[in-house]
Amino acid sequence: MDRKEISRILNEIGVMLELIGESPFKSRAYYNGARTVELLKEDIGDLVAGDRLKDIKGIGKALDEKISELVKTGRLRYYDNLKNQIPEGLFEILKVPGLGPKKVRTLYEKLSITTLGELEYSCIENRLVDLPGFGEKTQQKVLEGIQYLKKNRGRYLYPEAWSRAEELIGAMEKEEEVKHISAAGSLRRKSETVKDIDILAAGYDAEAIMDKFEALPGIEKTVERGSSKLGVLLENGIRVDLRVVSPEQYPFALHHFTGSKEHNTAMRHRSKGMGYKINEYGIFREDGDEGVSCASEEEFFKTLGLSFIPPEIRENTGEIEAAEEGNLPSLVEAADIKGLFHVHTVYSDGSASIEDMAEMARSLGAEYIGISDHSRSAYYAGGLKEDQIKRQREEIDRLNGKLRDFRIFAGIESDILPDGSLDYPDSILEKFDFVIASVHSNFTMDRDSMTKRLVRALENPFVTMLGHPTGRLLLAREGYPVDLESVIEAAAEKGKIIELNANPYRLDLEWHWCRRAKERGVKISINPDAHNLEGLKDIIYGVNAARKGWLSKQDVFNTYPLDVMVDVLSRGRGGE
DNA sequence: GCCGTTTTCGGCCCGACTGTTTTCAGTCG
């Protein structure tokens with residue numbers, strides 16, 4: 001059993017403990033354990049075998065025994081017992097906004113409600129109003145929450161949320177009451193998907209600011225409103241939370257509302273050890289109410305003895321320790337990207353010509369572009385036959401002849417067949433400037449076979465990089481099961497690049513693993529996988545993800561300037 | 001259930017908002 005599965009089970013135990021009314025601290029211990037296991041670097045089997053699990057912070061005797069049982073037997077009696085006590089449907093009911101474990105438990109115990117459907121029916125039958133802690137309004141809210149859940153699964157891709165947030169912030173910036181305004185929360189941390197939009201504003205007249213916000217176009221209704229907090233729904237269903245603080249409180253509040261929750265918890269804990277209390281309003285000495293003023297987030301961190309931690313990496317995965325030691329990486333920026341690989345054209349399933357794609361890339365500041373249409377086994381995408389490859393090459397050579405200070409590299413996105421071989425012979429592969437190897441079919445292999453398939457592809461001397469390593473589609477499809485640790489290892493050994501596909505639906509290699517690749521010395525290429533002109537701009541989402549993965553300029557392949565890239569690609573071709 | 005340059009017991013991060021309550025529990029972030 002892998003650590004992802006173990007982490008899931010520990011999390012579920014945490015939820016179940018809340019549902020049966022156990023101590024909240026006990027559930028938290030399981031949540032912490034789940035996170036700890038998820039982020040483990042070392043193989044969990046080895047840790048269990050070496051009896052070293054309980055040396056890890058957050059894992060004590062009880063969790064050690066339970067994790068060991070899972071690893072050794074693949075089962076956990078404690079979990080099974082809990083699971084038998086708790087109807088499956090309660091987990092779905094927990095997702096209804098406004099319902100937490102306590103209320104769900106009441107619904108179950110008093111009304112025997114175990115499914116979302118039963119809950120909806122009970123609301124319509126007016127049966128919630130008499131329950132302790134419930135009332136008319138709660139019942140109405142629950143009913144609306146069920147509709148909301150049915151309408152959408154409650155998460156949005158980053159670009160959709162970001163563009164709406166930019167519009168709202170842009171409109172509010174013009175208001176004179178607004179002294180500062182910024183996105184906060186998971187949006188500011190550049191998460192791949194977000195549940196809602198958090199916006200923080202600073203000003204002295206919160207009521208006026210909230211009034212103006214409520215009146216912005218696209219806002220459908222107000223869900224909650226207090227003296228400093230406003231919650232609204234947009235017409236597309238996204239929830240927006242606006243918080244208003246004073247300009248003096250802004251730096252503290254910006255940090256607080258940017259999160260993550262785990263980062264904040266760790267920061268508060270650390271501050272406490274220094275004799276400070278921190279919250280969204282300031283930094284206070286524990287022995288008095290006196291606050292420490294800070295003009296910016298930079299000063300906030302400085303006061304606490306830390307260098308500035310970029311929002312993207314505030315996940316409590318070592319950033320605080322690194323900031324303390326002055327070891328934070330200098331994160332890659334969009335301007336560092338010097339060229340764009342993985343670009344499709346009209347030769348396969350793209351909609352633009354090679355020349356137009358090149359011009360667009362150039363206008364975006366690139367020095368080179370790497371054309372890689374689909375290969376012959378991708379029938380559905382118009383994969384290239386041998387004669388088309390030849391024609392495309394001729395066109396690229398012709399264009400390169402007339403372009404100055406810009407270069408088009410001729411490549412291919414070659415399918416990795418089930419056995420790990422590519423779908424062209426070496427005699428064809430060797431003619432390309434670069435080769436991206438990707439899986440586009442036979443997703444349903446077991447983990448071992450898929451891992452072998454990818455590793456074998458990486459062993460091919462003509463392969464430059466591995467494309468979208470897990471095949472996941474955010475909010476739509478899980479990636480195929482694969483042991484990425486071994487894949488990264490193989491890439492490290494063979495000196496291969498791994499793609500971070502910048503398409504906002506993919507962002508594959510996922511950022512956790514980017515960090516792992518960096519540790520192993522594997523370079524990441526941030527590729528747009530563009531099928532039209534606009535698609536080239538998706539590169540920014542890849543840069544966001546790379547930043548979350550702690551990548552610096554030197555960790556990213558396509559930050560090489562043109563002359564270096566020409567050199568690297570000519571040397572790397574099968575000559576190892 | 002975890003943890004300890006105060007501790008092996010008694011803590012465990014903090015605050016806004018809502019709705020149900022007559023002073024607070026539950027939820028959320």
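A, B, ... follow the sequence lines: proteins, then strands. Residue 1 opens every chain. What you see below is based on every heavy atom in this structure, not just the backbone, and it leaves out hydrogens, waters and symmetry mates. All of these numbers come straight from a predicted model, not from anything done at the bench.
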Between the protein and nucleotides 3-6 of chain B, list every N/O to N/O distance that falls short of 3.5 Å.
residue: dC3(B); atom: OP1; partner: G58(A); partner atom: N; Å: 2.4

Residues from residues 296-328 of chain A sitting under 4.0 Å of DNA chain B, heavy atoms only?
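Within this stretch, nothing sits under 4.0 Å of the strand.
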
Where along residues 27-36 of chain A does a heavy atom come under 4.0 Å from DNA chain B, residue by residue in number order?
R28(A), A29(A), Y30(A)

Go through the structure and list residues passing salt bridge (Lys or Arg N to Asp or Glu O under 4.0 Å) with [X], not counting sequence neighbours.
{"X": "E321(A)", "answer": "none"}
{"X": "K190(A)", "answer": "E312(A)"}
{"X": "E5(A)", "answer": "R8(A)"}

Output a table of donor-acceptor pairs, distance under 3.5 Å, between side-chain atoms of residues 169-178 of chain A and any protein atom two or more places apart or on a different chain; print 'none' if there are none.
residue: E175(A); atom: OE1; partner: K212(A); partner atom: NZ; Å: 3.2
residue: E177(A); atom: OE1; partner: K212(A); partner atom: NZ; Å: 3.1
residue: E177(A); atom: OE2; partner: K212(A); partner atom: NZ; Å: 3.2

Would you give a per-nucleotide map of nucleotides 17-29 of chain B, 5' to 3', where B means the base has a protein non-hydrogen atom under 4.0 Å away, S means only the sugar-phosphate does, and - means neither?
SSSS-----SSSS

Please enumerate all residues that pass side chain to side chain contact (heavy atoms under 4.5 Å, CB included) together with N264(A), with sequence neighbours excluded.
H255(A), H256(A), R268(A)

Those residues at least two apart in sequence (or on a different chain) that pass side chain to side chain donor-acceptor pair (under 3.5 Å) with Y79(A) are E12(A)

My understanding is that only residues two or more places apart in sequence, or in another chain, count here; which of them pass side chain to side chain donor-acceptor pair (under 3.5 Å) with D211(A)?
R225(A)

Nearest-Å distance once atom P is located in both dT21(B) and dC14(B)
29 Å

Review item, side-chain donor-acceptor pairs of residues 324-334 of chain A, under 3.5 Å, at least two apart:
residue: E324(A); atom: OE2; partner: R270(A); partner atom: NH2; Å: 2.9
residue: E325(A); atom: OE1; partner: N327(A); partner atom: ND2; Å: 3.3

